[in-house]
S.K.: 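I have a structure here, written as structure tokens, and I will follow up with some questions on it.
All heavy atoms count here, side chains included; hydrogens, waters and symmetry mates do not. For clarity, every value in this text was computed on a predicted model and none was experimentally measured.
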Number of protein chains: 2
Amino acid sequence: MANKLSTKLEVEEFLASIDTFLVDCDGVLWKGSEVIDGIRETLDYIRGLGKRILFVTNNSIKSRRQYLSKFNSLGIKSSEEEIFGSSYATAYYLKHILHFPDNKKVYGVGADGLREELEQEGIQVCGIGEDNEAITFDGLKTIQPDDTIGAVVMGMDINVNYRKYAKAFTYLHHNTECHFIATNEDILDPIAGTVFPAAGAFLSPLTIALDRKPIVMGKPEKPMIDCIVKKYHLDKSRTCMVGDRLNTDILFGINGGLKTLLVLTGITQESELASEQAIRPDHYADALSSLYYLTR
Amino acid sequence: MANKLSTKLEVEEFLASIDTFLVDCDGVLWKGSEVIDGIRETLDYIRGLGKRILFVTNNSIKSRRQYLSKFNSLGIKSSEEEIFGSSYATAYYLKHILHFPDNKKVYGVGADGLREELEQEGIQVCGIGEDNEAITFDGLKTIQPDDTIGAVVMGMDINVNYRKYAKAFTYLHHNTECHFIATNEDILDPIAGTVFPAAGAFLSPLTIALDRKPIVMGKPEKPMIDCIVKKYHLDKSRTCMVGDRLNTDILFGINGGLKTLLVLTGITQESELASEQAIRPDHYADALSSLYYLTR
């Protein structure tokens, strides 16, 4: 069973051990469109101690710029530099870890936010916003292998269709050098008060037809940690991942060699921590705002 | 190692043991748009012996009526009653095995041929030809559970999109009584001189998001045999599946309790039969036309 932060002393010792907080958003800062009690004061308090906060999200639809407007609309202070989404991570990974060549293009299946992040890193993008029309069987004859495509990137795309799958498949099938990257593997996304299939479900026609797995950027996989650590020059031993889900957020922290803090304001219930099989965070707390309230 | 039919006596003994031949098409009758040598004479010869021939295909795009035009264009005699495609099998299975109620509808993801076969069995169909427009995130709010949908059927659909996945997912997710049927699980289809992802690849966003497997009609699964045996009142011990692929056609025959004949005019090479792991047909021959040429 993990250690619950429940006294002022415990929180102060914990805060003293951490320089950077990587913070999941839904279930930690807000639930749907409701800000969780005490969150604004808590973020101010942590920043006031000289610590860095980065918001880490698997959302691949929005660029950091677009995601910032969600923070603004909820009155939570943030900046683009503090936000690390899976589309930005993908762009950063291509540019700074794979050193993606200037003369190659990315074929993207995803939303405008993915295109924006890739282009901001100086990467040429095709597909996104171009291939939304359905194709015919005759049209398939026009799809040809293309060695100028250096990577296929797939994220959440409400305009997904056969044309995109056929192109992505062709570029990867005929060129094993072509990188295959997924922004995230979330199977379901909460939308409109229910759930619908998400990016991780829509990857599978490609992975099955190609018999090939992509590099996955989003939590709980490790590449996004590599990007964050490289960009901000973080000391992993003094960095803590804060989240509400054991199998994404906490596992992400563990996979990345970080400290972990589970909060109980989202998906995970306290009772689940007692299970032998449970993924074990270093610490847990009723809420992120416990760090603030317990130290008053 | 299976027994090769190579003498007149062997072929005559084999023919005497079989009343009905279930015959795969591509690789057995034709390759692409080329009829394999001697096929027309062979079919005439087998029919002349008073035996029944049924053409069994996983193609889910075409109705039997549409598929017949392929036979006609190649000058191979056939009739709608002799053709058994995976879309027709799906319609037959719903009507005659599941006894699909008249007041329920099928939500179809597939081609016009699938709609035609379902409607010919008197089954109400929605989705096919209706949901080809892309959807928006706002549009997802209009997708609601619908208990009048009694089955979701998925086949090859070049107009596949998020709207269809979201509807199919919603009908199945909120109603565990709703049947989930796939016409076939072929991963790749040969198109335009190369391959593209096929129905079996496009199933996976649903199977993953729902954590549920469909009933699969196409080879090598068993339901299509059940339909064929029921419709034609066949004696399985005197029925032979003829095909060019071990892991679809021959396995289909074995799964269904039929005799099996592999022909070497398509995918499988004679050398593969020597492997210990190989699926083992009862007999094999250089070609289906060996049955004709060896008995001259």
Side-chain angles (χ1 to χ4, degrees), chain A residues 61-62 109-112 129 131-145 154 156-174 185-212, chain B residues 61-62 109-112 129 131-145 154 156-174 185-212:
Chain A
I61 295 173
K62 294 189 164 116
V109 180
D112 285 344
D131 284 339
N132 294 348
E133 283 285 308
I135 198 165
T136 61
F137 280 101
D138 262 357
L140 289 177
K141 293 177 189 153
T142 66
I143 297 178
Q144 298 294 331
M154 186 149 186
M156 176 65 179
D157 186 358
I158 201 159
N159 292 301
V160 70
N161 60 21
Y162 198 97
R163 181 187 295 271
K164 297 182 185 191
Y165 279 116
K167 285 194 172 184
F169 173 80
T170 299
Y171 302 144
L172 291 163
H173 180 63
H174 295 279
E185 277 193 315
D186 297 44
I187 300 297
L188 296 173
D189 275 349
I191 300 172
T194 181
V195 290
F196 285 102
F202 286 99
L203 265 180
S204 54
L206 283 183
T207 59
I208 289 173
L210 294 161
D211 195 16
R212 177 175 169 187
Chain B
I61 293 173
K62 295 190 164 108
V109 181
D112 284 344
D131 285 339
N132 294 348
E133 284 285 307
I135 198 165
T136 61
F137 281 101
D138 263 357
L140 290 178
K141 293 177 191 154
T142 66
I143 296 177
Q144 298 293 331
M154 188 151 184
M156 176 64 179
D157 186 358
I158 201 159
N159 292 301
V160 71
N161 61 22
Y162 198 96
R163 181 187 295 273
K164 298 183 185 193
Y165 279 117
K167 285 193 172 186
F169 172 81
T170 298
Y171 302 144
L172 291 163
H173 180 62
H174 295 278
E185 279 193 315
D186 297 46
I187 300 298
L188 296 172
D189 275 348
I191 300 173
T194 181
V195 289
F196 286 102
F202 286 101
L203 266 179
S204 54
L206 283 184
T207 59
I208 290 173
L210 293 163
D211 195 16
R212 178 175 168 185

S.K.: Are any side-chain N or O atoms of A:Asn161 and backbone N or O atoms of A:Asp131, one a donor and one an acceptor, separated by less than 3.5 Å?
M.R.: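 Yes.
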
S.K.: So what's closer than 4.5 Å to chain A heavy atoms on B:Leu210: side chain, backbone, both or neither?
M.R.: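 Neither part; nothing is under 4.5 Å.
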
S.K.: Which atoms of B:Thr136 are under 4.5 Å from chain A, going by heavy atoms: the side chain, the backbone, both sets, or neither?
M.R.: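 Interface part for B:Thr136: backbone (N, CA, C, O).
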
S.K.: If you tally heavy-atom pairs under 4.5 Å against chain A, which of B:Ile208, B:Asp157, B:Leu206, B:Thr194 wins?
M.R.: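 The residue among B:Ile208, B:Asp157, B:Leu206, B:Thr194 with the greatest pair count is B:Ile208.
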
S.K.: With only heavy atoms counted, which part of B:Leu140 is less than 4.5 Å from chain A, the side chain, the backbone, both or neither?
M.R.: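 The answer is both parts of B:Leu140.
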
S.K.: Quick one: what part of A:Ile191 sits under 4.5 Å from any heavy atom of chain B, side chain, backbone, both or neither?
M.R.: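 For A:Ile191, the contact with chain B is made by the side chain alone.
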
S.K.: Between A:Asp211, A:Val160, A:Ile143, who has the most heavy-atom pairs with chain B when the cutoff is under 4.5 Å?
M.R.: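 Result: the option with the highest number of such pairs is A:Val160.
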
S.K.: Mind listing the closest non-hydrogen atom pair of A:Glu133 and A:Arg163 along with its distance?
M.R.: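 Looking at all heavy atoms of both residues, the shortest contact is O-NE, 2.7 Å.
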
S.K.: Find the distance between OH (B:Tyr165) and CZ (B:Phe202) and round it off to the nearest 0.5 Å.
M.R.: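 Going from OH on B:Tyr165 over to CZ on B:Phe202, the span is 6.0 Å.
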
S.K.: So which atom in B:Met156 and which in A:Tyr162 form the shortest heavy-atom distance, rounded to 0.1 Å?
M.R.: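 What the structure gives for the nearest pair is CE-OH, 3.3 Å.
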
S.K.: Name the region of B:Asp138, side chain, backbone, both or neither, that has any atom closer than 4.5 Å to a heavy atom of chain A.
M.R.: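 Neither part; nothing is under 4.5 Å.
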
S.K.: Could you report the tightest heavy-atom contact between A:Lys141 and A:Gln144, atom names first, then the distance?
M.R.: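 Result for this residue pair: O-NE2, 2.9 Å.
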
S.K.: Which answer fits A:Ile61, side chain, backbone, both or neither, if we ask what part of it has an atom under 4.5 Å from a heavy atom of chain B?
M.R.: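 Just its side chain gets close to chain B.
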
S.K.: Of the backbone (N, CA, C, O) and the side chain (C-beta and beyond), which part of A:Asn132 lies under 4.5 Å from a heavy atom of chain B, both, or neither?
M.R.: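 A:Asn132 has no heavy atom closer than 4.5 Å to chain B.
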
S.K.: Can you tell me which portion of B:Ile158 sits under 4.5 Å from chain A's heavy atoms? Options are side chain, backbone, both or neither.
M.R.: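 Both parts, backbone and side chain.
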
S.K.: Enter the distance from B:Lys167:NZ to B:Leu172:CG here, rounded to the nearest 0.5 Å.
M.R.: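 Reported to 0.5 Å precision, the distance equals 13.5 Å.
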
S.K.: Would you mind telling me which of B:Ala166, B:Ser204, B:Ala192 has the largest number of heavy-atom pairs within less than 4.5 Å of chain A?
M.R.: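 Between B:Ala166, B:Ser204, B:Ala192, the count favours B:Ser204.
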
S.K.: Using non-hydrogen atoms only, which part of B:Phe169 is less than 4.5 Å away from chain A: side chain, backbone, both, or neither?
M.R.: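 Contact with chain A is through the side chain of B:Phe169 alone.
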
S.K.: Could you tell me which non-hydrogen atom of A:Ala201 sits nearest to which non-hydrogen atom of A:Ile187, and how far apart they are?
M.R.: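 Between these two residues, the closest heavy atoms are CB-O, 3.9 Å.
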
